[in-house]
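All figures in this text were calculated on a predicted structure; none of them were measured in a lab.
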Protein chains: 2
Amino acid sequence: MNSTGSISQENYLKAIFKLQNEHGIASNQAIAEKLAATPAAVTGMLRKLTELEWVEHTAYQGAVLTPKGKQIATSTIRKHRLWEVFLVEKLQFKWDAVHQWAEELEHIGDADFTERLDAFLGCPATDPHGDPIPDANGDWAGNERVILADVLACNQEFTVRGVSNSASDFLRHLDALNIQLGKQFSVVEHFPFDGSWEWKDESGVNVRVSREVASQLLVELNRPQMSSKSQ
Amino acid sequence: MNSTGSISQENYLKAIFKLQNEHGIASNQAIAEKLAATPAAVTGMLRKLTELEWVEHTAYQGAVLTPKGKQIATSTIRKHRLWEVFLVEKLQFKWDAVHQWAEELEHIGDADFTERLDAFLGCPATDPHGDPIPDANGDWAGNERVILADVLACNQEFTVRGVSNSASDFLRHLDALNIQLGKQFSVVEHFPFDGSWEWKDESGVNVRVSREVASQLLVELNRPQMSSKSQ
DNA sequence: ATAATTTTTTAATCTTGCCTAAACAATAGC
DNA sequence: GCTATTGTTTAGGCAAGATTAAAAAATTAT
Ligand SMILES: [Mn+2]
Ligand SMILES: [Mn+2]
Ligand SMILES: [Mn+2]
Ligand SMILES: [Mn+2]
């Protein structure tokens, strides 16, 4: 029941999985972009993955995963995120430095290996960037995280739960702003002029956050939104 | 100062390193055997490694590592053995199951990664099979381990310190005999007829050990060899 | 509807690492 | 010293995964 692909094949399946979740189908071009390859390379690999019955590919249309393909993709993502937890929690890496290594580690080990790693780490629910870790069946709890831009009310309290961009420079910028996952803020003001925000953290310290930053944060609303519409 | 090769290149360097330590030079054929490749493949790779200045290869003679090549080889071996410690100590793998995964993990990570892993594991001196773990410079403490066949005196006490064969079936056989690294025995008798041994463990239990098993165990003599030459 | 643009596919090549079979060196036997 | 054997290298090829450039299909614009 559990088979596995080559490193390259697994990377394609991961990319298709993520694109499919976003757009329903994975276009040739989007896959190429995600993997930093050429569209011609994608056409070639899709032929191979279709033969393996891990994707269904309609020429000129795009690709979707078969159940088997989805299983390999989620298992790879599970390993990726578990390894990221390991690197941060056990090896004390900063959260902006783990992705590159997880990208290699994710292709190692079988189901038994993964379950041992998971148990060793205490079955974490999310990775260091707040992304959910699929269980052994490839499922994960639906998450309540929402893009900050949707939270317009003043005094709204929220907790930072994730990032929608895990690039190192963004993560280091969050470090500089002293914004960590799990930290709680309330909205002081939102400036339509440039889309920036002012927040207050739990110890009463105010923070200014640009639109660029806020739009890439995933937050959880803390209480059934107090009805104070305007300050 | 620290560069790194492809997976295949690192495997060649490891093989050459080990053969060079045993025979002074690594013959084409011995390398091929160790890597389960053909001599023709070895010739090809040696050309490449020579260009990289990681080995010196004289046609029809054999290969030796340059300092750079030795550095990559020992770093790979260091990673291999550290990962084996991780797998046994942290993920509770049996010692006969870790080599295959370490063979893949050894190619991941840079010097910083390796030092973090080492620190996390408490800077172990040996891997689960008793093999010494090179330090960050590729050096390790000379070990006092000796093949059991050289220990002929009765009543000689010794501690099992390693195996010269890490094949799964041998390791599982040791498990069956209840022989673990660090366990102490004394020689009761040696039977020249078939080369087998009788030992007594610390709690007075006697064990019979075949020549095949004894000849693949590395032991440390416990005391300045009592001069009882014959019983 | 037709033309222009974008996207995908095909075709021809490249690289890495491997193989088999044949040619070539080195060694050993006599 | 010549011959047989062993070990090494060359030659020719294959597979996976990529690339570039050109052809074909789909989409968008007029
Ligand atoms: Mn990641
Ligand atoms: Mn990957
Ligand atoms: Mn090993
Ligand atoms: Mn290896």
Rounded to the Å, how far apart are [X] [atom1] and [N] [atom2]?
X       : N      : atom1 : atom2 : result
B/Ile7  : D/dA16 : CD1   : P     : 17 Å
A/Asn28 : D/dT27 : CG    : P     : 14 Å
B/Gln29 : C/dA25 : CD    : P     : 19 Å
A/Glu10 : D/dA16 : CD    : P     : 16 Å
B/Gln9  : C/dT15 : CD    : P     : 15 Å
B/Ile25 : C/dA26 : CD1   : C1'   : 14 Å

Does a side-chain N or O of B/Ser8 approach OP1 or OP2 of C/dC18 to a distance below 4.0 Å, or not?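 Indeed, a polar side-chain atom of B/Ser8 lies that close.
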Residue-phosphate contact under 4.0 Å: A/Ser6 side-chain N/O, D/dG17 OP1/OP2: yes
More than 12 foreign heavy atoms under 6.0 Å from CD of B/Gln180: is that the case here?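 Yes, because the 6.0 Å sphere around CD of B/Gln180 holds more than 12 heavy atoms from other groups.
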Neighbour count >12 (heavy atoms, 6.0 Å) for atom CD, B/Glu212: yes
Describe, in one word, how the ring planes of B/Trp83 and A/Phe86 are oriented to each other, choosing from parallel (under 30°), tilted (30 to 60°) and perpendicular (over 60°).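 Answer is tilted, since the angle falls between 30° and 60°.
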Please verify the inter-ring angle class for B/Phe93 with A/Phe113; under 30° counts as parallel, over 60° as perpendicular, anything in between as tilted. tilted
Is the backbone of [Y] close enough, under 3.5 Å, to the side chain of [X] for a donor and an acceptor to pair up by distance?
X        : Y        : answer
B/Lys14  : B/Thr76  : no
A/Asp127 : A/His129 : yes
B/Gln20  : B/Leu65  : yes
B/Arg172 : B/Asp96  : no

Angle separating the five-pair end axes of the helix from C/dA1-D/dT30 to C/dC30-D/dG1, nearest 10°, is 0°
Where along residues 30-61 of chain B does a heavy atom come under 4.0 Å from DNA chain D, residue by residue in number order?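 Those residues are B/Pro39, B/Ala40, B/Thr43, B/Arg47, B/His57, B/Ala59, B/Tyr60.
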Which atom pair, heavy atoms only, marks the closest approach of B/Pro128 to B/Arg81?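 The pair with the smallest heavy-atom distance is CD-O, 4.5 Å.
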